[in-house]
There are 2 protein chains.
Amino acid sequence: MITIKDIAKVAGVSHTTVSRALNGSPLIKPDTRERIAKIASDMNYMPNYSAKNLVTRKSNTIGLFFSSIEQGTSSSFLADALKGIRKQLGNMYMLTVSGIDDSSSMDYIDPRRYDGILVMSQSEWDNRFIYHVQSAGIPLVVLNRQLEDPSICNVASDDRVGGKAAADYAFECGHRLVAMIEGKAGFKSSSERKLGYMDSLMAHGLTPNPTYFVQGDYSIESGYTAMNQLLDLQERPTAVFCGNDDMAIGAMNACFDRGVQIPNEISLIGFDDMTFASYTNPPLTTIHKSVSEIAEEGTRLLLERLQYPQTLPVQRLLGSTLVQRRSVSKLAEHR
Amino acid sequence: MITIKDIAKVAGVSHTTVSRALNGSPLIKPDTRERIAKIASDMNYMPNYSAKNLVTRKSNTIGLFFSSIEQGTSSSFLADALKGIRKQLGNMYMLTVSGIDDSSSMDYIDPRRYDGILVMSQSEWDNRFIYHVQSAGIPLVVLNRQLEDPSICNVASDDRVGGKAAADYAFECGHRLVAMIEGKAGFKSSSERKLGYMDSLMAHGLTPNPTYFVQGDYSIESGYTAMNQLLDLQERPTAVFCGNDDMAIGAMNACFDRGVQIPNEISLIGFDDMTFASYTNPPLTTIHKSVSEIAEEGTRLLLERLQYPQTLPVQRLLGSTLVQRRSVSKLAEHR
DNA sequence: TTTTATGATGAAAACGTTAACATTTGAAGT
DNA sequence: ACTTCAAATGTTAACGTTTTCATCATAAAA
């Protein structure tokens, strides 16, 4: 492996000059810079990053950490996030991916290994990790889950507004009996979406019906069983707001299996607008949330903080909007 | 940041001793080892990996490279792969993720940055990259795409066998007019699956009908338009083998839109068995292929090669088997 | 006792960079 | 021609490890 000293020898200069030339120092005469660059490329030089990092105390690495890489994370989620991040990152930084629950991940958090960290968070369980990172002094952006703490840089989608939009739409379509299949207990997104639903309920002067709330866990299966529960009710809801698209798909299946027509007999609204939402039957009306946008914006923010460490942490909520498809019926008798 | 020298000072030994103690050298007396370990943990010592890597000429990093992170890669794919890999990797190695097309990714391939590389490959376009890695002398395993070259370690699913299984099943169910929606042109998997179909055709003594082959690109949309093309035919096929599940879903949608019943009027077979396959309507009969298993096995192999560099490269094909669901009808009149 | 081996430790060099400080060069100002 | 200053380059010391080679005990063998 060839080093800057080898280049120095060939170029007849000191290795320091080579280092400077290759790093674009203004101290080097343009023509020697070019001469050295030429030699370096001819010799197929590649810098040794370990050595570089050792002395600069940088790592050229951004770490992406997931709530739980094993479970709970829907797959399009991870992929979208990755795409958004890589897009922003270019090839200035390496990107590592780990689950927060990777055995004792804490022990491996070290400012010398990560220039910055992105946390794709889903539940409050991640807080321990998040604060560990913060107290280690590593620049940090938390993605996807809304945080309270103003000292932490954060970008997420506005789940509450989205939840409200979903419920609003149901009510505007004339539905009065609208149930909700809730997301995973303990996940902030679950409670926010529910809160949004509640906001809408209140705004429309309606009172919540306890039997119309059933707990899910964001999985397709949970949507299926939850929907069956709803269908067993004496007074069936005419619309169901599902905490995410996966559960909506499970719910759809439950309906198909029991021969109840969507949207004629029952309407369905999802949340997330994943790729498949347009391809269910009928296409799913849902709340659009762009994970890749969140990831992209978060990465942009992180990069900014790396460049200007003084930048103040910001909390950003990306809008979530309703996309109308065909899983919701308009009720005629709505006054 | 505290270093081994700090520990040495406290322990009253040389930093060499500390290094040895912390790395489990047999030269160190058990009790001094423990004493040092205690001090290190008390002082909250974390090794500086840059320094370590500099002298050991290792990187503690495995690189995962994707065919095209931007497009073509279905999302469950990426997520599954990641899960399989992380599972095997534990926390011995960092894992970085990049797209092969990341601007000039070649320039960043360096044995000092990657102890080993996994390539999640989909098309022959990746070969350039693969051979670059190999000639750089970095231990390498190519995943997911079957390779010809016996000098390269490779694990993939047996697409051809899978394709044959799919077609066999259609024929056994009495179908004679079975079309195929092909995967992305240039992808090895596309041609292998088609070859498998051909094998079956031949085994059943049938002759291929050129109009029954329509090109897709593995996307949902392409499945949709391809299916429409098929439905426009004078003599409609009674069954369609789709190159992957995404296209099968697109095809399903085309059918729904035109009111053609699945599986009564037309049968559908997919490939991959992604999560959603069980939740389409009707549930999709498809060929099961486990990306996470492939990833896991590939990682195992890579790790083995890192430990025993002499290990010979192996080519492994993981079986792909049919999973029967409800998108294929049994034709009575099949004599 | 004196040697000899061996088990445990230490000193110093090396890994490939960057950075602080020193030196040279050359041109401009007197 | 002599100083002065700035621009360009060189010297040397870090950075935090591991590793080679030497040293020093200590216990066994003579």
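All chains are named by letter (A, B, ...) in the order of the sequence lines, taking the proteins before the strands, and each is independently numbered beginning at 1.
The minimum heavy-atom distance linking A:Asp115 with A:Ser59 is given by the pair OD1-N, 2.8 Å.
One interatomic measurement links the two molecules: CZ of B:Arg35 to P of C:dT9, which rounds to 9 Å at whole-angstrom precision. As a whole-Å value, the separation of B:Asp110 CG from C:dT17 C1' is 14 Å. Nucleotide C:dT25 holds its P atom 12 Å from the NZ atom of A:Lys29, rounded to whole Å. Rounded to an integer number of Å, the gap from CD1 of A:Ile7 to C1' of C:dT18 is 15 Å. Atom CG in A:Leu22 sits about 8 Å away from atom P in C:dT18, given to the nearest Å.
Comment: A:Asp42 engages A:Lys38 in a salt bridge, judged by a side-chain N to carboxylate O separation of less than 4.0 angstrom.
Rounded to 10°, the angle separating the first-five-pair axis and the last-five-pair axis of the helix from C:dT1-D:dA30 to C:dT30-D:dA1 equals 60°.
For the side chain to side chain contact (heavy atoms under 4.5 Å, CB included) with A:Val291, the lone residue among A:Asp80, A:Leu78, A:Leu82 that qualifies is A:Asp80.
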Original post:
For every nucleotide of nucleotides 10-18 of chain D, 5' to 3': is a protein heavy atom under 4.0 Å from its base (B), only from its sugar-phosphate (S), or from neither (-)?
Top reply: BBB--BBBB
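Counted by atom type alone, A:Asp149 and A:Ser151 present one or more donor-acceptor pairs between their side chains at under 3.5 Å.
For A:Glu304, the salt bridge (charged side-chain N to carboxylate O under 4.0 Å, His left out) criterion is met by A:Arg300, not counting sequence neighbours.
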